[in-house]
2 protein chains.
Amino acid sequence: MAFDTQSLRFDAQGLIPAIAQQEGTGEVLMMAWMNAEAVAKTLETGRVTYWSRSRKSFWVKGETSGHVQELVELRVDCDRDCLLVIVRQSGPACHTMRRSCFYTAVRNGDEVEILSPMV
Amino acid sequence: MAFDTQSLRFDAQGLIPAIAQQEGTGEVLMMAWMNAEAVAKTLETGRVTYWSRSRKSFWVKGETSGHVQELVELRVDCDRDCLLVIVRQSGPACHTMRRSCFYTAVRNGDEVEILSPMV
């Protein structure tokens, strides 16, 4: 069946969450949002493109930082309201220069930093 | 620093997305939503507990199906508006009986089923 971005279930703001996962290692790098056009751009260009809710504009991941996400595969969940994007991440995915945005773990009730910034 | 569920950034509905990832294999199993109390319950009980937006009630994953998610570790992202839950998933995570909800891949413009239901 041909994939149609309009078959996805977007929220009231026209957005769908997209989880970025590194190919091979399986690291969950980040979660951000796409609109239908960002999904289409991601598929067309092979560069993962989100919709920035704060800037209200497309966000080609790594366009300014160089920390691009090359698309390996886009996957859709059973409810069609969440995307999993398998990527090849160059350098850190997080704006804090950490490999993943999920660098804070909750252990025994305390927050523990489990990833350091990449140098 | 002590973890406080109120330090998380919930959306206008009081919810935060939570990504479930299998310990060890790194499989991304599903994404669902938690409110502050579901986060607290998850940490207290060690059983991953979501908030069902459709049923408007707590959803202890696997309570009826037996396909429970045992909490290994809760992680918070840099913006504090998304959670990554490392779990030990019993059987399928998806209501379609597939291991993961992300069983549909987009390849060359077509949808391809990449996981079959578990038997």
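All chains are named by letter (A, B, ...) in the order of the sequence lines, taking the proteins before the strands, and each is independently numbered beginning at 1. Model, not experiment: these values are computed from the prediction.
Proximity of B:Gln21 to A:Gln21: side-chain heavy atoms (C-beta onward) are separated by under 4.5 Å at one or more points. Looking at heavy atoms from C-beta onward, B:His95 lies in side-chain contact with A:Asp79 at the 4.5 angstrom threshold. Residues B:Glu111 and A:Ser7 are in side-chain contact: their nearest non-hydrogen atoms beyond the backbone lie under 4.5 Å apart. Proximity of B:Glu73 to A:Ile114: side-chain heavy atoms (C-beta onward) are separated by under 4.5 Å at one or more points.
Smallest separation of non-hydrogen atoms from A:Met31 and B:Pro17: CE-CG, 3.4 Å. Taking every heavy atom of both residues into account, B:Phe102 and A:Leu83 meet most closely at CE2-C, 3.8 Å. B:Cys78 approaches A:Thr96 most closely through the heavy-atom pair CB-CG2, 4.4 Å.
A:Cys82 touches chain B through backbone and side chain together, each having a heavy atom under 4.5 Å away. When heavy atoms are compared at a cutoff of 4.5 Å, A:Leu43 approaches chain B solely by way of its side chain, counted from C-beta outward. Heavy atoms of A:Arg107 lying under 4.5 Å from chain B belong exclusively to its side chain. Residue contact with chain B, scored on non-hydrogen atoms closer than 4.5 Å, involves the backbone and the side chain of A:Leu74 alike.
With values rounded to the nearest 0.5 angstrom, A:Cys94 atom SG is found 8.0 Å from B:Asp77 atom CG. Rounding to the nearest 0.5 angstrom, the gap separating the OG1 atom in B:Thr104 from the CG atom in A:Leu84 is 11.5 Å.
The 12-atom threshold is exceeded at CG of A:Asp110, counting heavy atoms of other residues, nucleotides or ligands nearer than 6.0 Å.
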